[in-house]
Amino acid sequence: MQDIEIDMYKLVIVEDERDVRKRLISMVTRSGRSFELAAEYETGIDAFEGIVAECPDMILTDIKIPYIDGIELIKKVREVHPLVKVGIITGYNELDYAVAAANLDVQGFINKPITFEALDALLKKAEDSLNHEFLTAKSLIELSAFYESSIPIIREHDLYQLSTMSELSPEFETKLAGSGIDLKFRYFIMCVFDPDRAPGREAERNDPALTAIRNAIGPALGNMYQYEIFSRYETMGLLLKFNDPPDIRALERCVEGIVQRMARYSDMPVSAGISSVFDDNRDFGAMTKEAAQALEYRKAVGGGKVFIYDSAIADNAEMGLRKVLHYMREHFCDPDISFETLARAVNFSVSYISALLKKYQNTSFVKMLTAMRMEKSRELLSDPNLKIIDIAEQLGYNDSYYFSHCFKRYFGVSPKEFRKR
């Protein structure tokens with residue numbers, strides 16, 4: 001492997017035992033690997049809030065941590081940051097944990113008591129993986145001229161033409177089929193990738209950025225989707241084809257991975273717009289227009305994100321924020337509310353919701369949810385007939401101890417002390 005010039009990778013440690021946590025930090029430093037400690041947490045909920053905000057390169061988490069376990073923490077984090085590497089610490093060897101971790105593509109396990117050799121081996125594996133991703137992404141950009149010259153020009157032109165059409169003639173569809181472009185599907189989604197413009201950035205630098213996107217799409221989508229890729233002006237089009245109703249949230253996570261790779265491994269960040277699902281409707285011009293309109297959200301909240309089209313609030317970020325806040329106010333007591341359920345309900349991408357809350361409310365989803373619950377708890381505590389365990393349940397907390405933990409962190413006193421006042 002050629003020499004790689006990189007900054008230190010950010011590592012987050014989640015472990016509720018203080019002595020174990022401090023020992024881990026010491027061993028990470030002693031290992032000499034390319035990791036620096038970004039943060040340390042005792043609970044799964046606190047870790048999730050911090051990780052969503054900071055986007056580290058690797059998480060090292062115990063399975064048995066308070067409030068949500070390590071497996072659930074990884075699932076929640078992967079909804080927002082699909083590229084993060086994960087190592088699991090456990091003194092438990094149950095098969096269920098191993099199966100769950102395998103399904104989440106973790107780097108490996110470290111059994112307690114932790115040895116330096118086991119930790120170092122895990123860090124090396126993660127470091128090698130991150131280095132490989134970095135080198136591959138760089139190579140794709142450097143080889144842009146080679147890849148561009150290998151693209152069949154006629155096929156590209158036909159796909160571009162397709163993206164402008166509201167109706168297809170039988171003759172043109174036959175021509176497409178002759179180029180290997182199959183449109184015998186029921187459902188379609190259009191995604192448009194657009195390099196983020198920055199002051200002083202040369203226009204010709206879009207070409208390597210688009211080539212890097214083109215070559216990141218295959219590894220990101222794998223065999224999960226049928227799709228066509230084509231250049232469109234200074235953007236990259238991705239037409240997705242389905243026989244069964246698609247899960248747009250699963251697609252969003254794949255596209256988010258591509259966007260995050262571009263931000264992490266190049267100085268050419270991009271944003272992506274995703275159309276609605278077209279069911280038995282082959283108006284490809286309308287699909288492309290929706291994807292382009294979704295990208296207009298970038299003007300309000302900045303680039304480097306994935307945006308999903310919604311006709312009700314197109315080009316209106318403030319209306320979108322009101323939609324998010326309305327749903328949260330109506331459902332903040334629901335124990336199952338999450339970034340994912342919110343995104344599905346309002347039909348926004350997770351990254352767009354994060355950007356809205358950060359720009360217009362200077363907060364995050366987790367902090368906003370906690371604030372709503374805490375303000376409501378103050379009202380409920382004024383009723384002496386309500387037990388604290390019942391208040392916690394009404395507010396969506398399955399664990400009354402965690403409710404008390406959140407309350408004290410928010411108000412500075414426990415619920416019992418607050419009530420006595």
Side-chain angles (χ1 to χ4, degrees), residues 14 16 39 41-54 61-81 249 320-348 350-421:
V14 189
D16 61 327
Y41 300 99
E42 296 182 15
T43 75
I45 291 290
D46 292 343
F48 175 65
E49 181 177 328
I51 290 167
V52 167
E54 296 300 327
T61 180
D62 197 343
I63 284 184
K64 304 297 286 185
I65 49 177
Y67 309 127
I68 62 171
D69 65 29
I71 298 295
E72 187 63 25
L73 171 63
I74 297 165
K75 289 179 181 177
K76 286 177 173 290
V77 167
R78 282 276 165 77
E79 291 178 0
V80 186
H81 300 309
R249 295 298 151 191
L321 176 66
R322 289 198 294 272
K323 191 174 180 180
V324 168
L325 295 179
H326 175 74
Y327 182 86
M328 291 187 69
R329 291 185 185 113
E330 292 293 316
H331 297 86
F332 71 88
C333 291
D334 185 345
D336 296 322
I337 188 173
S338 67
F339 239 141
E340 183 73 9
T341 58
L342 171 59
R344 287 185 181 277
V346 300
N347 195 37
F348 294 158
V350 168
S351 60
Y352 182 54
I353 295 172
S354 295
L356 282 176
L357 292 175
K358 183 175 182 180
K359 179 168 183 176
Y360 293 101
Q361 298 289 312
N362 193 30
T363 189
S364 66
F365 167 75
V366 175
K367 289 180 179 178
M368 176 70 76
L369 178 63
T370 300
M372 289 178 173
R373 287 175 167 178
M374 291 302 102
E375 293 304 320
K376 182 65 176 178
S377 71
R378 177 158 50 186
E379 174 188 329
L380 295 176
L381 283 167
S382 64
D383 184 348
N385 296 318
L386 283 176
K387 297 180 180 179
I388 290 176
I389 190 172
D390 295 328
I391 292 174
E393 185 176 348
Q394 284 189 42
L395 292 172
Y397 290 100
N398 296 320
D399 186 331
S400 61
Y401 292 103
Y402 181 62
F403 163 67
S404 297
H405 167 80
C406 292
F407 189 95
K408 187 169 184 178
R409 190 173 62 172
Y410 190 85
F411 288 110
V413 295
S414 70
K416 288 183 179 179
E417 292 170 330
F418 185 90
R419 178 170 265 173
K420 287 178 182 178
R421 290 181 179 181

Please round to the nearest 0.5 Å and tell me the distance separating atom [atom1] of [X] and atom [atom2] of [Y].
X	Y	atom1	atom2	result
Thr341	Glu79	OG1	CD	8.5 Å
Ser400	Ile391	OG	CD1	11.0 Å
Lys367	Lys358	NZ	NZ	10.0 Å
Leu342	Asp334	CG	CG	11.5 Å
Leu356	Arg322	CG	CZ	11.5 Å
Asp46	Ile68	CG	CD1	9.5 Å

Side-chain heavy atoms of [X] within contact of [Y], under 4.5 Å:
X	Y	answer
Lys76	Val366	no
Cys406	Tyr397	yes
Asn347	Arg249	yes
Leu395	Leu380	yes
Val52	Phe339	yes
Val14	Leu73	yes

Does atom [atom1] of [X] have more than 12 heavy-atom neighbours from other groups under 6.0 Å away?
X	atom1	answer
Phe411	CZ	yes
Lys359	NZ	yes
Glu49	CD	yes
Asp383	CG	yes
Leu386	CG	yes

Of the non-hydrogen atoms in [X] and [Y], which two are nearest, and what is the gap between them?
X	Y	result
Gly70	Ile65	N-CG1, 3.8 Å
Lys416	Ile388	CG-CD1, 3.5 Å
Phe403	Pro415	CE2-CG, 3.9 Å
Val350	Ala343	CG2-CB, 4.1 Å
Ser377	Phe407	OG-CE1, 3.3 Å

Ion pair present between [X] and [Y], side-chain N to carboxylate O less than 4.0 angstrom?
X	Y	answer
Arg344	Glu340	yes
Lys376	Glu379	yes
Glu375	Arg378	yes

* Hey, mind stepping through His405 and Tyr410 against side chain to side chain contact (heavy atoms under 4.5 Å, CB included) and telling me if it holds? -> CA-CA 9 Å; His405 167 80; Tyr410 190 85; over 6 Å; no

* Asked: Checking Arg419 side chain against Ser414 main chain: does a donor-acceptor pair fall under 3.5 Å?
  -> no

* Check the pair Val324, Gln361 against side chain to side chain contact (heavy atoms under 4.5 Å, CB included), reporting the backbone distance first and the verdict last. => CA-CA 12 Å; Val324 168; Gln361 298 289 312; over 6 Å; no

Only distances under 3.5 Å count here; give the side-chain donor-acceptor pairs of residues 325-332 to other protein atoms, sequence neighbours excluded, each with its distance to 0.1 Å.
from	atom 1	to	atom 2	distance (Å)
His331	ND1	Tyr327	O	3.0

* With Thr363, which residues qualify under side-chain hydrogen bond (donor to acceptor under 3.5 Å, both in side chains), at least two apart? -> none

* Can you list the steps and then say if Leu357 with Leu321 is a side chain to side chain contact (heavy atoms under 4.5 Å, CB included)? -> CA-CA 7 Å; Leu357 292 175; Leu321 176 66; 4.1 Å; yes

